[in-house]
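In what follows, every chain begins at residue 1, and chains take the letters A, B, ... in the order their sequences are listed.
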Amino acid sequence: MSDSSLDSLKSQWTCGKCGAPLEVASVNVSYLGSGYPVDMLVCKNCKRPLVPAELALGKMLEVEKLMEDK
Amino acid sequence: MDQTRLRELEDQCIQECAPPCAAHCPVHVDVRALTSAIATGDFQTAFKTLYKTVPFPEIIARTCNQPCQAACYRKSVGGDIQVAALELACIQRYDHLITKPMLLPQKDARVLIIGGGLSGLTAAFELVKKGYQVALYERENRLGGRLWSYNEDQLHGEVIHREIERIIDLGIEVHFNTELTPASVSSLQFDACYLGTGAGASNPFNLLTNPNHSLQVNTDTFQTSQANVFAGGSLLRPPSTIFSVSDGRRAAISIDRFLQNVSLTASRVNEGAYNTRLITNISKVDSVEIVPPAPTGYSVADAIAEANRCLQCDCMECVKVCEYLKHYGSYPRKYVREIYNNLSIIMRTRTSNKMINSCTLCGLCEEVCPTDLNMGVVNNEVRQTMVKTGKMPPSAHDFALRDMAFSNDARVALNLTADGSETCDYLFFPGCQLSASNPEYIPKLYQSLASVLPKLGVMLRCCGAPADWSGEQELFAQTMLEFKTQWLALGKPKLVLACTSCLRMFSTALPEIETLSAWQVFEAHTLFPASRQYSRSLAIHDPCTSRYVDKWQDAVRTGLDAMGITHHELEMSRDLTECCGYGGVAWLAHPELVQDILKRRASEDEADYLTYCVMCRDLLAGQGKPTLHLLDLIFGENLDQLARRKGPDYSQRHENRLRAKEKMIKLITGKEHPMTESYERYTLLLTPEMRVTLEERLILVEDVQKVIEFAETSGESFKNQQTGHTLAFFKPNLITYWVEFSREGDAWRVHNAYSHRMELEGRAS
Ligand code: SF4
Ligand code: SF4
Ligand code: SF4
């Protein structure tokens with residue numbers, strides 16, 4: 001994800017559980033046995049990651065398709 | 001699929017077989033390419049095509065007896081193509097293009113050619129090109145032999161001289177006025193000899209002859225009783241210039257092999273004239289009369305007109321009728337190779353997965369194929385292999401398989417006998433999609449059937465077709481076993497079906513079970529309501545799985561007659577019917593292709609359609625084609641509106657199955673049986689656009705409800721400071737669903753929903 005879209009998400013969302021702000025962290029995403037790290041927003045306390053629509057329907061979907069055909 | 005199976009399949013597709021003209025031409029002039037070039041006015045390319053196989057183009061064009069015409073597909077629809085005259089038309093314009101062929105470096109071996117007719121000259125030409133030293137002996141004082149017997153108008157001496165000189169000039173040593181005898185031959189030095197002396201000539205080698213005094217010659221290799229002596233031309237057969245050229249060339253191949261000391265016979269199939277396996281369908285070809293050439297030859301316009309009569313013969317029968325085969329731009333012989341390669345790939349990307357999963361498995365290709373090749377069977381077989389070897393993309397069929405699992409879940413499936421007894425004589429099995437599309441018809445249909453069938457039970461579940469279509473053999477077997485166990489417990493009732501796909505599944509997997517269609521019951525017991533009305537004649541769209549099931553097809557037509565409904569046939573009907581795109585789970589693998597399939601089918605007739613499969617109905621109507629289900633005619637009101645209704649979306653289809661079950665329980669037991677899950681408490685507010693988004697992203701209302709339930713009960717979510725929306729995710733199984741929502745009174749408004757398959761594993765470091 002681009003830094004600017006991470007920034008704008010960060011300014012909009014907070015954790016619904018503990019109210020803490022979000023921070024950028026590297027999160028491992030994996031599919032069919034292979035994984036790689038992605039920078040995304042997570043809750044500062046709970047560490048729960050936030051996957052925005054842009055990421056799920058863009059890059060993630062692309063990688064899913066690629067891995068399925070390997 | 002192994003190599004052997006691949007070869008068999010490749011061989012079964014005759015698309016690449018030569019057209020009859022090229023096959024019957026003993027030197028295989030590519031007539032199709034020749035006429036195709038002339039048809040566009042490109043005489044130059046046409047000439048090159050001819051000269052590639054014929055070293056004496058004008059002699060041949062003027063004298064050929066045209067064996068190519070023997071099986072020309074144009075013959076019966078206007079007359080065979082005037083090939084020789086078209087050849088002449090090219091020569092007259094482009095003869096000057098002839099260039100000297102490339103000669104291979106000279107070899108030591110020396111070949112003797114006896115006889116300067118066309119076959120000897122061709123052999124000399126072929127051998128000198130290969131680098132052999134060639135000496136030609138002719139008993140007359142000029143070359144050409146029988147060519148000089150044509151009258152000058154047909155073949156002028158000047159043409160004979162010109163075309164022969166061109167060949168002699170390549171470096172052939174010619175001896176005129178020399179008739180070889182056994183004595184003179186024995187004094188000559190040579191490694192091999194070609195005898196092309198014509199009928200009734202002397203036999204300088206004392207070769208063995210047949211009882212009728214003709215030489216004994218092997219018709220495949222042209223070898224005589226003496227290993228290094230070969231013979232051909234009109235000493236073997238009635239004179240024909242083109243066969244002489246063919247013999248000379250084929251004997252030259254043998255001589256070359258003999259001198260190289262390799263097998264004379266290996267891989268020499270279809271070398272001379274042969275019968276091709278290609279079949280071209282001319283049933284829709286209009287007759288067009290021959291364009292005769294003027295005595296001086298064709299004018300440009302006439303040659304183009306005549307060339308345009310050529311049918312460019314090929315097969316392509318399946319590709320013409322199947323949108324899927326057409327979409328990928330080739331034909332089955334190529335496709336099976338591609339599929340095989342896809343299976344064999346280990347490390348690289350398998351690019352044909354989508355292609356394999358886009359076939360509807362409808363079997364129309366087999367019906368139209370002259371050799372009965374069924375790409376559906378091939379694709380299904382390959383899907384099974386992919387599943388077994390773990391190479392099937394998980395997302396390919398997952399949605400359909402989960403839909404099937406839903407239908408067969410204890411919460412949704414139903415198994416009920418009429419009077420609470422353990423067994424029944426008949427079992428009504430409407431199929432999961434009829435319940436999903438039109439739950440209101442299930443009790444009505446049951447009641448009609450029960451009025452004539454004693455001891456009628458009902459079973460609501462999915463027949464297992466999605467598993468079979470996805471190549472999930474184990475899952476399919478397991479689904480069938482579950483069904484069979486229940487069927488046995490019910491006392492082996494006869495199955496009353498309303499869906500031809502269910503029929504296909506049961507009759508292939510459990511052939512011991514007796515089945516009949518609801519329509520046959522209606523037919524036998526005259527249950528069809530009389531005098532129904534529809535404003536126009538309906539065209540019947542038979543579902544693809546009704547192919548070869550005459551009894552169902554007939555019962556539907558009888559029913560329409562009984563109801564007083566005017567109807568007519570589509571050109572592609574009954575055994576030739578087309579799939580709507582639902583078959584083979586193609587709709588999931590390739591939605592854009594399914595749109596093309598539907599457009600094609602919908603545009604085949606102006607009339608509104610009538611069908612007897614709900615999926616066909618919903619898909620066709622979704623495409624904007626007014627389509628009725630047979631049950632609409634039997635039970636429906638306001639048919640015009642029914643024909644235009646869109647089918648329910650995926651979420652509604654789930655809901656409807658539950659409603660069908662409730663209705664049947666109520667009807668048979670009189671009991672209410674409301675079925676709710678905890679997440680159903682979350683009433684959703686969805687705009688029509690949001691419904692479309694969910695449908696496109698294959699997200700069900702229940703998936704959304706589960707996310708909201710999870711967020712509301714656990715608090716695990718994100719809050720948007722500006723909009724106040726909540727964003728949360730839930731992963732019931734393999735897929736993670738995200739929903740952005742907000743509370744509105746007693747309900748939840750959905751602002752966005754999306755999903756992903758990738759798993760979130762927490763922080764990398
Ligand atoms: S119609 Fe054309 S391609 Fe077909 S057999 Fe005749 S010449 Fe050959
Ligand atoms: S119908 Fe199709 S599969 Fe059959 S021979 Fe023709 S091109 Fe090949
Ligand atoms: S089975 Fe049907 S969809 Fe598949 S290739 Fe044959 S005709 Fe086309």
Query raised in the report: Between CG of A:Asp69 and NZ of B:Lys391, what distance do you get to the nearest 0.5 Å?
Result: 12.0 Å
**Report entry** Least distance between heavy atoms, B:Thr726 atom then A:Trp13 atom
**Finding:** C-CZ3, 4.2 Å
Query raised in the report: Would the number of heavy atoms belonging to other residues, nucleotides or ligands and lying under 6.0 Å from CD of B:Glu474 be above 12?
Result: no
Query raised in the report: To the nearest 0.5 Å, how far apart are CG in B:Asn752 and CG in A:Leu57?
Result: 7.5 Å
Report task. Take atom CG of B:Asp2 as the centre, draw a 6.0 Å sphere, and report whether it contains more than 12 heavy atoms from other residues, nucleotides or ligands. Result -> yes
**Report entry** A:Cys15 side, atom SG; B:Lys719 side, atom NZ - distance, nearest 0.5 Å
**Finding:** 10.0 Å
Report task. Find out whether A:Val51 and B:Phe729 are in side-chain contact, i.e. whether some heavy atom of one side chain is under 4.5 Å from a heavy atom of the other. Result -> no
Query raised in the report: Around atom NZ of A:Lys65, are there more than 12 heavy atoms of other residues, nucleotides or ligands at under 6.0 Å?
Result: no
**Report entry** Main-chain N/O of B:Gln722 paired to A:Gln12 side chain as donor or acceptor, under 3.5 Å
**Finding:** no
Report summary line: What one should report as the nearest heavy-atom pair of A:Ala56 and B:Ser755 is CB-O, 4.0 Å
Query raised in the report: What is the distance from atom NE2 of B:His756 to atom CE of A:Met60, rounded to the nearest 0.5 Å?
Result: 4.5 Å
Query - Interatomic spacing from CG in A:Asn28 to CD in B:Glu759 - rounded to 0.5 Å - result: 11.5 Å
Query raised in the report: Checking side chain to side chain contact (heavy atoms under 4.5 Å, CB included) for the pair A:Val38/B:Met758: CA distance, chi angles, key distance, verdict?
Result: CA-CA 12 Å; A:Val38 178; B:Met758 300 204 83; over 6 Å; no
Query raised in the report: Do you know the tightest heavy-atom contact between B:Trp738 and A:Leu50?
Result: CH2-CA, 3.7 Å
Report task. Give, for atom CG of A:Leu22 and atom CZ of B:Phe718, the distance between the pair rounded to the nearest 0.5 Å. Result -> 6.0 Å
Report summary line: Closest non-hydrogen contact found for A:Glu68 with B:Ser395 is OE1-OG, 2.5 Å
Requested in this report: Please flag which part of B:Asn353 lies under 4.5 Å from any non-hydrogen atom of chain A: side chain, backbone, both or neither.
Outcome: side chain
